[in-house]
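Predicted model, so just to flag it, every value in this text is computed and none were measured. Nothing fancy with the numbering, it's 1 onward along the sequence. Just so it is clear, the values below take in all heavy atoms, side chains as well, and ignore hydrogens, waters and symmetry mates.
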Amino acid sequence: MHEYTSGARVWGLSCPGFPEEVSRARRWTRDILRGCPLADDAELIVSELSANAILHTASGRAHGSFHLAVAVSGQAVALSVTDDGGTATAPKAGHQDQDAEHGRGLSMVCALAHRVIVHETDHGHTVTAELYTDALPGGSPC
């Protein structure tokens with residue numbers, strides 16, 4: 001390992017709370033994880049978490065924003081989306097009717113990720129989804 005490189009590499013992106021920014025966050029994640037076997041799942045997770053931030057929190061209001069972090073190590077890819085808060089409850093996965101048009105995004109994230117963590121602060125929520133590289137055939141890192 002190079003002396004200036006830690007075990008994990010971390011990237012960050014701040015986006016205004018506009019719906020079109022979800023596709024930007026998705027493309028950005030895909031570019032970072034190009035060639036990684038976890039890229040498709042990571043892209044879908046970022047899309048869902050970013051859309052949730054815009055739809056369900058102050059991130060989607062005037063002057064709102066959401067923040068994305070991607071951390072990659074030999075053991076995991078961690079995807080975190082932080083919203084601007086403004087809701088009475090923290091994000092949680094629910095069991096929706098299969099015909100429902102909304103409400104299944106976080107459940108899907110939980111199904112794709114090996115672990116999902118919701119951290120609540122005075123200023124919003126951060127949802128982190130972790131994908132473990134040791135679950136890949138041969139445990140190959142990204």
Side-chain angles (χ1 to χ4, degrees), residues 1-2 4-137 139-142:
M1 181 181 325
H2 191 275
Y4 298 113
T5 306
S6 67
R9 306 228 25 217
V10 180
W11 292 262
L13 178 69
S14 293
C15 298
F18 304 128
E20 58 270 18
E21 293 297 313
V22 173
S23 62
R24 179 176 164 218
R26 192 173 47 243
R27 284 190 313 272
W28 180 79
T29 302
R30 183 177 54 234
D31 288 345
I32 289 170
L33 297 176
R34 188 170 312 280
C36 175
L38 299 171
D40 289 341
D41 287 349
E43 186 180 344
L44 184 55
I45 288 169
V46 163
S47 183
E48 287 298 327
L49 295 181
S50 299
N52 283 349
I54 291 170
L55 289 171
H56 302 295
T57 75
S59 293
R61 297 183 194 146
H63 307 292
S65 62
F66 65 94
H67 311 280
L68 173 60
V70 175
V72 179
S73 72
Q75 297 77 36
V77 172
L79 310 150
S80 299
V81 173
T82 301
D83 64 44
D84 284 346
T87 61
T89 60
K92 64 178 181 249
H95 298 286
Q96 298 295 326
D97 184 293
Q98 73 182 58
D99 295 329
E101 292 184 26
H102 300 286
R104 293 191 304 250
L106 196 51
S107 295
M108 183 176 57
V109 168
C110 290
L112 289 171
H114 294 98
R115 184 166 83 148
V116 176
I117 304 157
V118 177
H119 180 73
E120 189 171 358
T121 70
D122 292 337
H123 305 290
H125 307 95
T126 299
V127 180
T128 301
E130 296 176 348
L131 300 167
Y132 300 145
T133 58
D134 63 358
L136 296 171
S140 60
C142 293

Set of side-chain contact (heavy atoms from CB on, under 4.5 Å) partners for [X], sequence neighbours left out:
X    : answer
P19  : none
S14  : H67
A111 : none
I45  : L49, L79, V109, L112, A113, A129, L131

Taking the side chain from T133 and the backbone from G74, do they hold a donor-acceptor pair closer than 3.5 Å?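 Checking the backbone N and O of G74 against the side chain of T133, a donor-acceptor pair under 3.5 Å is found.
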
Examine distances only and state if a side-chain atom of S65 and a backbone atom of P16 form a donor-acceptor pair shorter than 3.5 Å.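 Side chain of S65 to backbone of P16, a donor-acceptor pair under 3.5 Å: no, none is there.
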
With [X] via side-chain hydrogen bond (donor to acceptor under 3.5 Å, both in side chains) - residues at least two apart:
X   : answer
S50 : none
D31 : R34
T29 : none

Quick test of your reading: applying salt bridge (charged side-chain N to carboxylate O under 4.0 Å, His left out), list the pairs with at least one residue in residues 121-133, sequence neighbours left out, ordered by first then second residue.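 Passing the test, one end in residues 121-133: R115-E130.
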
Please, which pairs that meet salt bridge (charged side-chain N to carboxylate O under 4.0 Å, His left out) have at least one residue in residues 53-75, sequence neighbours excluded?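 Not a single pair qualifies under salt bridge (charged side-chain N to carboxylate O under 4.0 Å, His left out).
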
So, do L33 and V72 sit near enough that their side-chain heavy atoms are less than 4.5 Å apart?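 Counting from C-beta outward, L33 and V72 do come under 4.5 Å.
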
Do F66 and T57 make a side-chain contact, defined as non-hydrogen atoms from C-beta onward lying under 4.5 Å apart?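 With C-beta onward as the side chain, the pair stays apart.
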
Going by the rule salt bridge (Lys or Arg N to Asp or Glu O under 4.0 Å), which residues pair with R27 if we only count those two or more places apart in sequence or in a different chain?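 Testing R27 for salt bridge (Lys or Arg N to Asp or Glu O under 4.0 Å), a comparison that skips the adjacent residues, returns none.
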
Of all the heavy-atom pairs spanning [X] and [Y], show the shortest one and how long it is.
X   : Y    : answer
V10 : A71  : CG2-CB, 3.9 Å
A76 : Y132 : CB-CD2, 3.9 Å
A25 : L13  : CA-CD2, 4.2 Å

Straight-line distance of [X] [atom1] to [Y] [atom2], nearest 0.5 Å:
X    : Y    : atom1 : atom2 : answer
S23  : R30  : OG    : CZ    : 9.0 Å
L68  : E21  : CG    : CD    : 11.5 Å
E120 : H125 : CD    : NE2   : 4.0 Å
E48  : C110 : CD    : SG    : 11.5 Å

Applying the side-chain contact (heavy atoms from CB on, under 4.5 Å) test to T126, which of T82, D83, V118 qualifies?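 Considering T82, D83, V118, a side-chain contact (heavy atoms from CB on, under 4.5 Å) with T126 is found only for T82.
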
Evaluation steps, side-chain contact (heavy atoms from CB on, under 4.5 Å), between L106 and V127: CA-CA 10 Å; L106 196 51; V127 180; 4.3 Å; yes

